[in-house]
Amino acid sequence: MPELPEVETTLRGISPHVVAHRVTTVRVREPRLRWPVPPDLARNLKGQTITGLTRRAKYLLFHTHRGTMLLHLGMSGSLSIKPRQAPAAKHDHVDFILDGERCLRFTDPRRFGSLHWCGQTPLAHALLRDLGPEPLGPDFSGNYLYAASRGRRIAIKQHLMNARIVVGVGNIYASESLFRAGIHPLRSAGRIARIRMHRLVAEIRQVLTEAIAQGDTTLRDFSVGDGRPGYFQQALEVYGRDGQPCRRCGTPIRAIRQGQRATYYCVTCQR
DNA sequence: CCGGACGCCTGTCGGC
DNA sequence: TGCCGACAGGCGTCCG
């Protein structure tokens, strides 16, 4: 399910229910996620107050005085806030009881998500250590992306989805931002001019920002975890529009495969 | 170092 | 209707 905007929306939705609240019980029904849920996770977290909730790439970081829990939603994961005694459905794998009252529930049909426990320096964790800059942060600039693309023969679309280059640009927004920037997804990263990289970075930031804003709107209309929109019903320009006319020029949108992932683009608007 | 392929899972959908 | 393969928004790991 989640690309970065969905993760950010999840963070904003659950934050008020989680931050400054105490985890009184951890219930792991299914430890077989992408990696086994650490056996000591419950012991470490139990009794701790969540002092802060942050995000790095698509990981959510639950901070406590004893350490930090990392949570990744994988492709089909979601978090919801439920009453303490809410009956568990099929893919409800982990419950965190908060103040003995409410329940933060992790649901994930495909079990590509994961939970980790790490110490006081979570950013040093192996999964976070080598990640590139945040797409909405100050370090992600046209100059940076240009420099990070020198000598790279890989297609720009796959380059954007490389978390060592920049985090949080998933399959949907890679296609969408390349369309907005007028860049062909198959073009070699190393053969894109600096000025076009500036444009591309601006479009990535713009499309992610719009999606997050839409998430905020959605949050106002639906409480966290009635599981409402899986992903944003945003007006996507190319993603999933194979054969439909380009909104800009009318040429049918084309679908191809790049590294086992679907790519959508307009042959006329993107060069 | 780089780039490409694989695999972890379940659910859904289209075609026959 | 039932079966079967393809595919799904991620990403760490392995291999050449």
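A, B, ... follow the sequence lines: proteins, then strands. Residue 1 opens every chain. Any value given below was found using the heavy atoms of this structure, including those in side chains, with hydrogens, waters and symmetry copies removed.
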Taking only N and O in the side chain of Arg34(A), is any of them less than 4.0 Å away from OP1 or OP2 of dT10(B)? no
Given dG3(B), is OP1 or OP2 found less than 4.0 Å from the side-chain N or O atoms of Arg153(A)? no
Would you indicate, yes or no, if dC6(B) has its OP1 or OP2 atom less than 4.0 angstrom from a side-chain nitrogen or oxygen of Gln260(A)? yes
On the nucleotide dG11(B), are OP1 or OP2 found under 4.0 Å from the side-chain N or O atoms that Lys90(A) carries? yes
With respect to the phosphate group of dT10(B), does any side-chain polar atom (N or O) of Arg111(A) fall under 4.0 Å of OP1 or OP2? yes
Using 4.0 Å as the upper bound for N to carboxylate O, is an ion pair formed by Glu176(A) and Arg180(A)? no
Is the shortest side-chain heavy-atom distance between Thr209(A) and Gln206(A) below 4.5 Å? no
Within the 4.5 Å heavy-atom criterion, are Phe106(A) and Leu33(A) side-chain neighbours or not? yes
So what does Leu33(A) touch, heavy atoms closer than 4.0 Å: a base, only the sugar-phosphate, or nothing? nothing
Let's see if you can work this out: which of dC9(B), dG11(B), dG4(B) has an atom nearest to the side-chain heavy atoms of His91(A)? dG11(B)
Between Leu115(A) and Val28(A), is the side-chain contact (heavy atoms from CB on, under 4.5 Å) condition met? List the steps. CA-CA 11 Å; Leu115(A) 295 172; Val28(A) 180; 5.9 Å; no
Could you tell me whether the phosphate oxygens of dC8(B), OP1 or OP2, come under 4.0 Å of any side-chain nitrogen or oxygen in Arg110(A)? no
Using only side-chain N and O atoms of Tyr59(A), determine if any of them is under 4.0 Å from OP1 or OP2 of dG12(C). yes
In whole Å, I'd like the distance from the CZ atom of Arg152(A) to the P atom of dC1(B). 11 Å
Considering only the P atoms, how many Å lie between dC7(C) and dA5(B), rounded to the nearest integer? 15 Å
Phe112(A) stacking on dC8(B): centroids under 5.5 Å, ring planes under 30°? yes
Select base, sugar-phosphate, or nothing to describe what Gly170(A) touches, counting heavy atoms under 4.0 Å on all strands. sugar-phosphate
Could you state the atom-to-atom distance from CZ of Arg129(A) to P of dC11(C) in whole Å? 17 Å
Without hydrogens or angle criteria, can the side chains of Asp108(A) and His93(A) be said to hold a donor-acceptor pair below 3.5 Å? no
Out of dA8(C), dG4(B), dG12(C), which has the shortest distance to the side chain of Trp35(A)? dG12(C)
Does His72(A) put a side-chain nitrogen or oxygen below 4.0 Å from OP1 or OP2 of dC11(C)? yes
Watson-Crick or G-U wobble partner for dC9(B), using a 3.5 Å limit on both distances? none
Counting only side-chain heavy atoms from C-beta out, which of dG10(C), dG3(B), dG11(B) sits nearest to Ile154(A)? dG3(B)
